[in-house]
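The next block holds one structure in the form of structure tokens; read it before the comments.
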Amino acid sequence: MNIMLFHSTYGLRPAVHAAADRLRAAGHQVWTPDLFDGRTFDTVEEGMAFKEELGKDELLKRAILAAAPYSERGLVYAGFSFGAATAQTLALGDDKARGLLLLHGTSDIAESATADELPVQLHVAEPDPFETDDWLSAWYLQMGRAGADVEVYRYAGAGHLYTDPDLDDYDAEAAESTWRTAIGFLETL
């Protein structure tokens, strides 16, 4: 499978490279575009400030340009938190998308969005300060209306970016469960 994996607001950190290596070891081709031009951040606040400085339109343009050379191959879009939101936006706009793997994040869904049975898997902490229960319920219903085939996995007690071993949010057990389930998901596509 061809996977476009987008980083979080922390930037393209070692955890993203490790995730890409794990997916490659499972037989997938993975690209990890750097939407922040080499900048990484130690806090969510610093990353969010930089993201705001660049602007939503510029970041979307960078993501589209990164994916465009490979989209004809039928990509699985994937990402971490902000990167998951980016992946979701691109997947819903790409009629050749093969799947959507969301780690720690989702995004708004346009009422006109169509997903035509797009396989979607979401992994998120429970509770998650950025992905509240009400938000996730509404998101799930909207994705269903768009035609996506959605699976949601919640991890009680895990922090927001629980798959990143360099952050305080890290939860080894939840991370391993996430990767086992995600790799199984990718094998079905």
Side-chain angles (χ1 to χ4, degrees), residues 1-54 56 59-60 62-63 66-67 75-91 99-107 120-133 135-136 139 151-186:
M1 199 56 49
N2 297 304
I3 303 169
M4 184 65 53
L5 180 63
F6 292 101
H7 60 76
S8 74
T9 57
Y10 285 96
L12 189 57
R13 294 164 36 96
V16 180
H17 292 295
D21 289 344
R22 178 174 252 180
L23 294 170
R24 288 180 188 113
H28 305 288
Q29 187 162 8
V30 184
W31 294 275
T32 56
D34 185 351
L35 303 182
F36 287 0
D37 294 329
R39 301 272 311 265
T40 59
F41 302 96
D42 294 325
T43 69
V44 170
E45 294 78 17
E46 290 171 337
M48 295 289 274
F50 183 72
K51 184 180 99 159
E52 294 303 315
E53 182 183 313
L54 285 176
K56 189 175 186 176
L59 288 166
L60 184 57
R62 290 177 182 197
L75 289 171
V76 172
Y77 292 92
F80 298 94
S81 192
F82 150 73
T86 303
Q88 178 185 304
T89 300
L90 267 61
L100 176 58
L101 176 59
L102 303 171
L103 303 161
H104 322 295
T106 60
S107 184
V120 178
Q121 193 174 87
L122 168 65
H123 297 268
V124 65
E126 183 176 25
D128 187 307
F130 300 103
E131 301 290 323
T132 64
D133 290 343
W135 168 263
L136 287 174
W139 174 86
E151 297 176 339
V152 178
Y153 294 87
R154 305 289 306 270
Y155 299 88
H160 176 65
L161 276 168
Y162 64 83
T163 58
D164 188 331
D166 295 327
L167 298 176
D168 291 340
D169 287 350
Y170 182 62
D171 183 314
E173 186 177 327
E176 282 308 308
S177 180
T178 294
W179 287 117
R180 266 193 318 277
T181 305
I183 288 171
F185 168 70
L186 293 168

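Note that the structure is a prediction, hence the values are computed from the model and not measured.
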- Message: Quick check: do Thr178 and Tyr153 have side-chain heavy atoms less than 4.5 Å from each other?
- Response: no
- So CD of Gln29 and CG of Leu75: to nearest 0.5 Å the spacing works out to 9.5 Å
- Message: With a 3.5 Å distance limit and no angle check, can you tell me whether Glu46 reaches the backbone of Phe41 through a side-chain donor-acceptor pair?
- Response: no
- Query: Aromatic rings Tyr162 and His104: how do their planes relate, parallel, tilted or perpendicular, breaks at 30° and 60°?
  - Reply: perpendicular
- Between Ser177 (side chain) and Glu173 (backbone), is there a donor-acceptor pair under 3.5 Å? no
- Hey, what do you get for CG (Leu35) to CG (Leu54), rounding to the nearest 0.5 Å? 9.0 Å
- Side-chain (Asp169) to main-chain (Gly159) donor-acceptor, under 3.5 angstrom: no
- So which heavy atom on Leu5 is nearest to which on Val16, and how close? CD2-O, 3.9 Å
- Tightest non-hydrogen contact, residues Pro14 and Asp166, listed as CB-OD2, 4.0 Å
- Donor-acceptor contact below 3.5 Å, side chain Arg24 vs main chain Val30: yes
- Query: Passes side chain to side chain contact (heavy atoms under 4.5 Å, CB included), Phe82 versus Leu59? Steps please.
  - Reply: CA-CA 11 Å; Phe82 150 73; Leu59 288 166; 3.9 Å; yes
- Decide yes or no for Tyr10 and Leu167: does some side-chain heavy atom of the first lie under 4.5 Å from some side-chain heavy atom of the second? yes
- Is there side-chain contact between Tyr77 and Phe6, with heavy atoms separated by less than 4.5 Å? yes
- Query: Going from CD1 on Ile3 to CG on Leu186, what distance comes out if it is rounded to the nearest 0.5 angstrom?
  - Reply: 4.5 Å
- Item | Ala15 versus Pro165, closest heavy-atom pair with distance | CB-CD, 4.1 Å
- Item | Gap between atom CG of Leu101 and atom OG1 of Thr181 - 0.5 Å precision | 10.5 Å
- Taking Gln88 for its side chain and Leu102 for its backbone only, find out whether a donor-acceptor pair lies under 3.5 Å. no
- Message: Assess the residue pair Thr9 and Ser81 against the criterion (side chain to side chain contact (heavy atoms under 4.5 Å, CB included)); give the C-alpha distance rounded to whole Å, side-chain angles, the decisive distance to 0.1 Å, and a yes or no.
- Response: CA-CA 8 Å; Thr9 57; Ser81 192; 5.7 Å; no
- Distance, nearest 0.5 Å, that separates CG of Leu122 from CZ of Phe185: 10.5 Å
- Task: Specify the closest pair of heavy atoms between Thr89 and Leu60, including all atoms of both residues, with the distance to one decimal.
- Result: CG2-CD1, 3.9 Å
- What closest approach, in Å, do Ala84 and Gly105 show between heavy atoms, and which atom pair accounts for it? CB-O, 3.3 Å
- Message: Is there a side-chain contact between Tyr155 and Asp171 in this structure, where contact means two heavy atoms from C-beta onward sitting under 4.5 Å apart?
- Response: no
- Can you tell me how far the CZ atom of Arg22 sits from the CD1 atom of Ile183, to the nearest 0.5 Å? 6.0 Å
- Task: Might you work through the side chain to side chain contact (heavy atoms under 4.5 Å, CB included) test for Asn2 and Trp31, ending with a clear yes or no?
- Result: CA-CA 8 Å; Asn2 297 304; Trp31 294 275; 3.6 Å; yes
- Item | Phe50 vs Thr40, side chain to side chain contact (heavy atoms under 4.5 Å, CB included): CA-CA, chis, key distance, verdict | CA-CA 10 Å; Phe50 183 72; Thr40 59; over 6 Å; no
- Donor-acceptor pair, side chain of Arg154 and main chain of Ala125, under 3.5 angstrom: yes
- Looking only at heavy atoms, what is the nearest atom pair of Tyr170 and Ala175, with distance? CE1-CB, 4.0 Å
- Message: Can you tell me how the ring of His7 sits relative to the ring of Phe36, calling it parallel under 30°, perpendicular over 60° and tilted otherwise?
- Response: perpendicular
